[in-house]
Amino acid sequence: MKRTHEKTVDPAAAEALAKAAKLSISTAYDRHEEQEPRCGFGETGLCCRICDMGPCRIDPFGDSPSRGICGANGATIVARHLIRQVAAGVATHSDHGHDIVRTLLLAAKGEAQGYSVKDEARLKDLANEWGVATDGRESNDIAIELAQLALGQFNQQEGEIRYPALRAPNATLENWRRHGLIPVGVEHEVVETLHRTHEGVDADYRNLLMHGFRTSMGDGWAGSMLATDFGDVLFGTPTPVRSQVNLGVLKKDQVNIVVHGHEPTLSEMVVAASRDPELLKLASEKGAKGIVVGGICCTANEILMRQGAPVVGNFLHQELAIGTGAVDVMLVDVQCIMPAVVEHASRYHTKIISTSKKARIPGATHIQFDEKRAYDIAKQIVKEAVENYANRGVTDIPQHTSDLVAGFTVQNTFTHLGGKYRATLRPLNDGIIQGRLRGVAAVIGCNTVKKTQDDSHVRMVKELIANDVLVVQTGCSATACAKIGLLKPEAAAEFAGKGLQEICEAVGIPPVLHFGSCVDNSRILVALCEILREGGLGDKLSDLPVAGAAPEAMCEKAIAIGFYCVASGVYVNYSPAMRILGSKDVTNFLTNEVEDITGGRFSFEADPVKAARLMMAHMDKKRAALKLKPLMYASAMEPQG
Ligand code: SF4
Ligand code: MSK
């Protein structure tokens with residue numbers, strides 16, 4: 001059995017886990033152990049369940065059986081299952097994006113209660129980019145036309161999705177076109193993935209994987225990008241904001257509502273309702289000093305970025321938050337919600353309220369979200385929480401919090417880096433060109449019980465910033481690093497190398513920039529395009545001294561993100577490895593051959609420090625190719641490739 005320090009490096013989580021163990025309450029860590037030993041065929045991707053003649057399994061050591069009943073070999077089986085995972089991840093982010101665009105459409109038509117165009121400037125910028133006329137038109141009129149065009153991106157059946165041609169550098173765009181990597185439409189490629197991977201269709205692992213890359217582009221360069229852009233129009237574009245993170249943000253003497261999942265739509269309204277004088281009065285009548293709305297997973301990141309709402313925790317905190325006994329309502333929308341929260345909540349007074357028709361959980365109270373009555377529904381949920389406050393038993397909230405700054409975007413990073421009146425990425429490019437900065441790394445993604453919670457995120461990011469790499473983050477990875485204080489400006493002096501410190505101090509930014517939720521990885525893609533456009537660092541995305549990593553990856557969405565980053569020309573370390581290692585051919589394609597096609601590739605190094613060094617070796621290779629100056633400070637280590 002794993003000891004607590006092997007489960008997490010977060011002291012708040014350690015306290016909560018110790019308490020759960022004392023009360024014999026099972027958590028994901030316990031259930032992970034119950035699942036041992038794992039099936040080796042499944043772990044290595046060599047189990048095929050595609051047709052009902054199977055399941056079939058392939059011996060990874062080359063003894064019989066070497067093919068399934070239909071003759072599919074290991075590479076075919078691994079590639080088929082992998083790209084189905086990619087398609088699931090793409091569908092998940094894209095369905096989220098679809099719902100945001102639809103909400104904007106309803107809001108502009110006056111059919112979504114409480115929503116309106118919050119950021120008119122962003123709406124007009126987008127309209128100009130998309131070729132939608134703005135002169136003399138009302139915002140709602142523009143928003144309706146833009147949203148209708150955007151909805152078309154999901155089910156378009158001919159041509160190309162729009163953003164690559166609008167935003168990517170020409171050399172990258174041409175390379176994508178040469179290799180057929182631009183999706184026709186988001187849904188088209190997902191449907192084609194399911195067709196190709198059906199029994200008896202595509203058996204060529206390279207052909208399958210290339211389609212996986214094309215499908216993934218529909219996430220990064222359409223579904224997620226639309227979610228981010230239209231979310232900014234609807235809820236406001238984030239600006240840097242201070243907040244707090246970890247279980248200690250829950251308050252013993254206040255009503256605590258935890259919003260968990262991914263979508264900002266209802267949670268934005270819940271934050272607004274928690275400030276409603278009528279509900280604050282009710283809370284006071286019940287003896288509570290106020291109402292806290294804090295988040296878990298990416299719903300947290302959405303309301304953090306735009307409202308400065310506190311973050312209760314990341315993925316593996318969902319049960320632990322309930323274990324404080326201080327959560328009056330946990331409101332869930334979609335994605336990353338363990339059904340186990342209901343069982344966990346049954347030991348406390350916590351009400352689990354599901355809100356999406358797509359995500360019902362047996363045992364949860366269901367209050368169906370409807371944009372047309374959004375504010376009324378949000379008030380109803382807040383009221384449920386206030387009423388439930390009186391039912392609390394003993395609370396035990398680990399008193400750990402950390403400060404953070406979040407809310408960075410491509411738009412406001414420009415302003416930061418250039419100073420108030422000169423919005424430009426020039427200081428960043430110059431920093432890289434002159435060797436003050438080694439490069440930029442995106443460290444993103446989930447927690448997984450297969451690794452010690454937060455440990456890989458934190459150790460990787462510390463290694464990178466100590467060696468003058470500016471880090472951008474999203475998702476649960478950002479929360480992990482925020483918990484130990486890496487996302488505040490003061491962290492530069494303590495943790496960053498001298499060159500990065502100088503940049504951070506000059507522009508007043510932390511060494512680690514929080515770019516938002518998982519769909520906001522699209523902000524990182526746009527930032528890379530802007531860095532390239534600023535000049536001096538090559539002409540295609542794969543020329544840049546940048547790298548990405550998901551050090552505690554857990555879900556199909558993370559695989560989709562990894563795929564669209566590699567398709568975009570980025571080196572990505574992904575750990576734990578996807579279930580592909582049973583096929584040498586598939587592994588070699590993803591870690592080696594694909595680099596000749598897109599300029600990006602995967603590695604699967606599990607040790608976060610070694611992985612950071614591989615990422616830096618890649619940056620150094622790119623720096624050498626660009627003939628950039630040597631790194632300015634000797635403190636920056638020489639990575640071993
Ligand atoms: Fe077996 Fe082929 Fe069916 Fe897969 S598709 S389960 S390998 S027969
Ligand atoms: S929430 S997708 S566990 S990052 Fe985006 Fe965290 Fe991964 Fe869910």
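The chain is numbered in sequence order, starting from 1. Just so you know, ligand 1 is whichever comes first in the structure, and atom 1 is the first atom listed for that ligand. Values reported hereafter were calculated over all heavy atoms of this structure, with side chains retained and with hydrogens, waters and symmetry mates removed. What you are looking at is a predicted structure, and each value in this text was computed from that prediction instead of being measured.
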Side chain, backbone, both or neither: which applies to C555 and ligand 2 if a contact is any heavy-atom pair less than 4.0 Å apart?
side chain

Report the nearest protein non-hydrogen atom to atom 3 (Fe) of ligand 1: residue, atom name, distance rounded to 0.1 Å.
C51 SG, 2.4 Å

Which N, O or S atom of H262 lies nearest to atom 5 (Fe) of ligand 2, by name:
NE2

Against heavy atoms of C297, which atoms of ligand 2 measure under 4.0 Å?
1 (S)

Within 6.0 angstrom of H366 NE2, more than 12 heavy atoms from elsewhere:
yes

Could you identify the single nearest non-hydrogen protein atom to atom 2 (S) of ligand 2 and state the distance to 0.1 Å?
K557 NZ, 3.2 Å

Could you tell me whether the side chain of S477 and the main chain of T474 form a donor-acceptor pair under 3.5 Å?
no

Looking only at non-hydrogen atoms, the one of R49, M53, R80, H198 nearest atom 5 (S) of ligand 1 is R80

Assess the residue pair F495 and L486 against the criterion (side chain to side chain contact (heavy atoms under 4.5 Å, CB included)); give the C-alpha distance rounded to whole Å, side-chain angles, the decisive distance to 0.1 Å, and a yes or no.
CA-CA 8 Å; F495 297 104; L486 292 176; 3.4 Å; yes

If we ignore angles and hydrogens, is there a donor and acceptor under 3.5 Å between the side chains of N447 and H317?
no

Protein residue, atom and distance nearest to atom 1 (Fe) of ligand 1, heavy-atom basis:
C56 SG, 2.3 Å

What are the atoms of ligand 1, with element, lying closer than 4.0 Å to any heavy atom of G54?
6 (S)

Can you measure from OG1 (T448) to NE2 (H32) and round to the nearest 0.5 angstrom?
6.5 Å

So, is C48 placed with an N/O/S atom under 2.8 Å from atom 1 (Fe) of ligand 1, counting both backbone and side chain?
no

Distance under 4.0 Å to a non-hydrogen atom of C70: what atoms of ligand 1 satisfy this?
2 (Fe), 5 (S), 7 (S), 8 (S)

N/O/S of C336 less than 2.8 Å from atom 5 (Fe) of ligand 2?
no

Exercise: do H211 and R214 side chains pair donor with acceptor under 3.5 Å:
yes

Students should be able to answer this: which protein heavy-atom is nearest to atom 6 (Fe) of ligand 2, and at what distance?
C476 SG, 2.2 Å

Step through it carefully: locate the ring centre of F213, locate the ring centre of F563, and say whether they are under 6.0 Å apart.
yes

Between the NE2 atom in H260 and the SG atom in C297, the distance rounded to the nearest 0.5 Å is 5.0 Å

Non-hydrogen atoms of G445 versus ligand 2: any pair closer than 4.0 Å?
yes

Is a side-chain donor or acceptor of Q307 paired with a backbone partner of V271 at a separation under 3.5 angstrom?
no

For the CZ atom on R459, are there more than 12 heavy atoms of other groups (residues, nucleotides or ligands in this structure) within a distance under 6.0 Å?
yes

The protein heavy atom nearest to atom 7 (Fe) of ligand 2 is C446 SG, 2.4 Å

Which of the atoms of ligand 2 are close to F315, meaning less than 4.0 Å from one of its heavy atoms?
3 (S)

Would you mind running through ligand 2 and noting each atom that sits below 4.0 Å from a heavy atom of M554?
3 (S)

Measure the spacing between OG of S583 and NE2 of H81 and express it to the nearest 0.5 Å.
12.5 Å

About how large, to 10 degrees, is the angle SG of C518, then atom 5 (Fe) of ligand 2, then SG of C298?
90°

